[in-house]
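Reviewing the structure listed below.
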Amino acid sequence: MMPAARESLLDAAYTALARRPWSAVRMVDVAAAAGVSRQTLYNEFGSKEGLARALVRREADGYLAGVERALAAHTDPRERLTATAEWTAATARENALVRAMLTGCWSERLPAPTLTAVPSSSAVPAQRRADGPLPSPGDFVALVRDRAVAALGGPGTAKPDTAELARSCELAVRLAISCVSAPPGEGGVTDLVRAALHRQSV
């Protein structure tokens with residue numbers, strides 16, 4: 001199957017999920033919305049669980065790609081971490097799947113794929129990857145922290161204390177995720193993260 005058709009199916013599944021609970025999303029409707037046959041959908045994802053895993057994996061990848069963009073958008077380390085925290089909070093507000101992945105709180109409206117790997121018989125590389133383990137909230141903290149450490153401690157930068165830098169990066173991520181669960185008032189995540197990092201040696 002062409003990657004574009006796979007993306008169309010995932011887009012259709014995401015749109016359907018925005019309108020109704022996952023339990024009420026029908027494979028035939030997803031296929032019709034994407035303009036392919038139901039058999040094509042099953043050939044690509046294997047099952048509704050396979051579709052759910054692929055959708056969750058895509059949203060996770062999209063969130064992490066946004067983290068990379070936020071880290072690259074500034075040169076000042078504190079601004080890089082603040083931008084990453086802002087992206088985390090904003091994406092989780094807008095995307096129920098990202099919110100569930102970051103907080104571990106899967107509402108009954110959402111698919112609830114197991115985080116562990118599932119046996120994969122798929123010939124599709126992208127689906128085999130989706131069938132692999134999905135990130136837990138703790139995994140996301142580590143993934144974002146490690147990307148931030150790599151960006152902030154990369155070539156051309158003054159060599160900071162890596163352990164201290166990792167703590168600051170993790171603090172920014174954890175603060176952002178806490179703002180997802182309990183939205184802050186005036187000033188929002190930006191002020192919180194800037195205040196916290198002001199006390200850190202970033």
Would you mind reporting whether [Y] and [X] have side-chain heavy atoms less than 4.5 Å apart?
{"X": "Arg194", "Y": "Glu79", "result": "yes"}
{"X": "Leu175", "Y": "Val189", "result": "no"}
{"X": "Cys169", "Y": "Val144", "result": "no"}

Does one hydrophobic cluster hold both Leu41 and Val124, with members joined at side-chain heavy-atom distances below 4.5 Å?
-> no

ILVMFWY cluster, Val67 and Leu192 together (side-chain gap under 4.5 Å) | no

Atom pair [atom1] ([X]) and [atom2] ([Y]), whose distance is rounded to the nearest 0.5 Å:
{"X": "Leu197", "Y": "Ser168", "atom1": "CG", "atom2": "OG", "result": "6.0 Å"}
{"X": "Glu7", "Y": "Leu9", "atom1": "CD", "atom2": "CG", "result": "9.5 Å"}
{"X": "Met101", "Y": "Thr91", "atom1": "CE", "atom2": "OG1", "result": "10.5 Å"}
{"X": "Thr84", "Y": "Arg69", "atom1": "OG1", "atom2": "CZ", "result": "11.5 Å"}
{"X": "Asp146", "Y": "Glu170", "atom1": "CG", "atom2": "CD", "result": "9.0 Å"}
{"X": "Thr15", "Y": "Leu10", "atom1": "OG1", "atom2": "CG", "result": "10.5 Å"}

Summary of ring-ring contact (aromatic ring centres under 6.0 Å, His included) pairs that have at least one residue in residues 7-30, sequence neighbours excluded = none

List the atom pairs, with distances to 0.1 Å, where a side-chain N or O of residues 110-120 and a protein N or O form a donor-acceptor pair under 3.5 Å, not counting sequence neighbours.
residue: Thr114; atom: OG1; partner: Arg53; partner atom: NH1; Å: 3.3
residue: Ser120; atom: OG; partner: Ser122; partner atom: N; Å: 3.3
residue: Ser120; atom: OG; partner: Asp131; partner atom: OD2; Å: 2.6

Under a 3.5 Å distance rule, please check whether [X] uses its side chain to pair with a backbone N or O of [Y] as donor and acceptor.
{"X": "Arg145", "Y": "Ala166", "result": "no"}
{"X": "Arg128", "Y": "Ser121", "result": "no"}
{"X": "Arg80", "Y": "Leu71", "result": "yes"}
{"X": "Arg57", "Y": "Ala130", "result": "no"}
{"X": "Thr82", "Y": "Arg78", "result": "yes"}

Side chains of Thr40 and Ser37, donor plus acceptor under 3.5 Å = yes

Let me see the working for Val141 and Ile177 under side-chain contact (heavy atoms from CB on, under 4.5 Å), right down to the final yes or no.
-> CA-CA 9 Å; Val141 169; Ile177 293 173; 3.8 Å; yes

Can you name the closest pair of heavy atoms from [X] and [Y] and give their distance?
{"X": "Lys48", "Y": "Val25", "result": "NZ-O, 2.7 Å"}
{"X": "Arg6", "Y": "Gln127", "result": "NH2-OE1, 3.0 Å"}
{"X": "Pro137", "Y": "Leu102", "result": "CB-O, 3.3 Å"}
{"X": "Leu143", "Y": "Pro135", "result": "CD1-CB, 4.3 Å"}
{"X": "Phe45", "Y": "Ala54", "result": "CE2-CB, 3.5 Å"}
{"X": "Pro183", "Y": "Val180", "result": "CD-O, 4.1 Å"}

Do other residues, nucleotides or ligands put more than 12 heavy atoms under 6.0 Å from Arg109 CZ?
-> yes

Residues, nucleotides or ligands: over 12 heavy atoms within 6.0 Å of Arg174 CZ = no

Tell me, with the steps shown, if Leu171 and Leu81 meet side-chain contact (heavy atoms from CB on, under 4.5 Å).
-> CA-CA 10 Å; Leu171 175 65; Leu81 290 178; over 6 Å; no

Tell me whether [X] is salt-bridged to [Y], with the criterion being a basic N under 4.0 Å from an acidic carboxylate O.
{"X": "Asp61", "Y": "Arg129", "answer": "yes"}
{"X": "Arg167", "Y": "Glu164", "answer": "yes"}
{"X": "Asp11", "Y": "Arg58", "answer": "yes"}

Sort and list the pairs that fulfil salt bridge (charged side-chain N to carboxylate O under 4.0 Å, His left out) and have at least one residue in residues 111-121, not counting sequence neighbours.
-> none

May I ask you to decide if the ring planes of Trp87 and Tyr63 are parallel, tilted or perpendicular, using 30° and 60° as cut-offs?
-> parallel

